[in-house]
Amino acid sequence: MIAHFEHLAERSQVPLVIYHIPYRTGQPLTAAVLRRLGEHPMIAGVKYATGSVDQDAVALLGEAPSGFSVLTGDDVYLSPMLALGASGGILASAHLHTSSFVSMAASWDRALGHRLAAMSATLFAEPNPTVLKGVLHAKGLIPTPDVRLPLVPATAESVARALDWGA
């Protein structure tokens with residue numbers, strides 16, 4: 001898929017927006033693949049339509065290449081995707097009440113949504129609530145990071161990454 005999209009991008013006179021709709025194409029693309037494609041100077045963005053707000057969406061929006069727009073293609077997920085840092089959407093529903101969709105997209109604080117989503121992703125790097133309890137303990141807010149079995153406390157690395165995000 002990388003070779004396919006790079007081949008198209010290298011021959012295009014205008015920047016491309018990749019359509020990622022795996023329930024129609026049968027070919028899912030991971031966040032890592034989309035980030036790599038997003039580094040190509042002739043690939044401007046992706047219409048992201050997976051039928052959900054999935055872990056790859058969170059990962060992609062958490063580390064999207066500079067200048068690479070992630071646009072939701074699933075109309076019902078515009079709001080949560082904007083909250084995670086999406087740039088907007090390519091939405092059939094927006095043909096009706098277009099100004100309302102534009103108003104909603106313009107009012108989101110994308111930078112804040114992006115930062116909070118990235119921080120939240122670090123808190124779920126290990127089974128919940130292990131990392132969160134580790135952070136709360138490190139901040140002196142709870143007496144121990146212990147959790148009940150079968151869970152075990154989060155690793156020091158996961159807790160440190162979460163603390164680095166200001167958790």
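Quick caveat, the model's predicted, so the values are computed rather than measured.
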Practice item. Kindly determine whether Lys47 and Ile18 satisfy side-chain contact (heavy atoms from CB on, under 4.5 Å), including the steps that lead there. Key: CA-CA 6 Å; Lys47 176 181 178 176; Ile18 297 167; over 6 Å; no
Review point. For Lys139 and Leu136, what are the C-alpha separation, side-chain angles and deciding distance, and is it a side-chain contact (heavy atoms from CB on, under 4.5 Å)?
Key: CA-CA 5 Å; Lys139 290 182 163 214; Leu136 293 173; 5.6 Å; no
**Study point:** Residues Phe5, Leu16; criterion side-chain contact (heavy atoms from CB on, under 4.5 Å); working and verdict
**Key:** CA-CA 9 Å; Phe5 284 118; Leu16 302 179; 5.5 Å; no
Practice item. Test Met81 against Leu61 for side-chain contact (heavy atoms from CB on, under 4.5 Å), laying out the working first. Key: CA-CA 9 Å; Met81 289 291 283; Leu61 289 163; 4.0 Å; yes
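Of the possible polar contacts, one joining the Asp75 side chain to the Ser93 backbone as a donor-acceptor pair under 3.5 Å is found. Panel note: side chain Thr25, backbone Ile21; a donor-acceptor pair is recorded below 3.5 Å. Asp74 contributes a side-chain N or O that, together with a main-chain N or O of Gly51, makes up a donor-acceptor pair within less than 3.5 Å. With hydrogens and angles ignored, the 3.5 Å screen pairs a side-chain donor or acceptor of Arg35 with a backbone N or O of Ala59. Formation of a donor-acceptor pair under 3.5 Å by the His40 side chain with backbone atoms of Leu37 is not found in this model.
The two residues Leu60 and Val46 make their nearest non-hydrogen contact at CD2-CG1, 4.2 Å. When all heavy atoms are compared, the tightest approach of Val147 to Pro153 is CG2-N, 3.9 Å. Considering all non-hydrogen atoms of both residues, Leu151 and Pro129 come closest at CD1-CD, 4.0 Å. The two residues Ile2 and Arg36 come nearest to each other via the heavy atoms CD1-NH1, 3.7 Å. Nearest heavy-atom pair across Thr122 and Ala162 is OG1-CA, 3.5 Å. Minimum interatomic distance between Thr72 and Leu91 (heavy atoms only, all atoms of both residues): O-CD2, 3.6 Å.
Note that CZ of Arg161 and CE of Met119 are 15.0 Å apart. Values are rounded to the nearest 0.5 Å. Between Ile90 atom CD1 and Leu71 atom CG the span is 5.0 Å, to the nearest 0.5 Å. Separation of atoms OG1 (Thr144) and NZ (Lys133) is listed at 7.5 Å; rounding is to 0.5 Å.
Cluster annotation: Tyr77 and Trp108 are assigned to distinct hydrophobic clusters (Ile/Leu/Val/Met/Phe/Trp/Tyr, side-chain heavy-atom contacts under 4.5 Å, transitive). Hydrophobic clustering (ILVMFWY, side-chain heavy atoms < 4.5 Å, transitive): Tyr19 and Val33 are in distinct clusters. Side-chain heavy atoms closer than 4.5 Å link hydrophobic residues (I, L, V, M, F, W, Y) into clusters, and following such links, even through other members, never connects Leu123 to Val53.
With a 4.5 Å cut-off on side-chain heavy atoms, Ser87 and Leu82 do not count as touching. Tyr48 is listed as a side-chain neighbour of Asp56, based on a closest heavy-atom distance under 4.5 Å. Taking the side chain as every heavy atom from C-beta outward, Leu96 and Phe101 never approach each other to under 4.5 Å. Two residues are said to be in side-chain contact when any heavy atoms from C-beta on lie closer than 4.5 Å; Phe124 and Val131 fail this criterion.
Ser158 and Thr155 form a side-chain donor-acceptor contact under 3.5 Å, judged by distance and modelled atom types alone.
For residues 3-18, the set of pairs meeting the side-chain hydrogen bond (donor to acceptor under 3.5 Å, both in side chains) definition, not counting sequence neighbours, comprises His7-Arg11.
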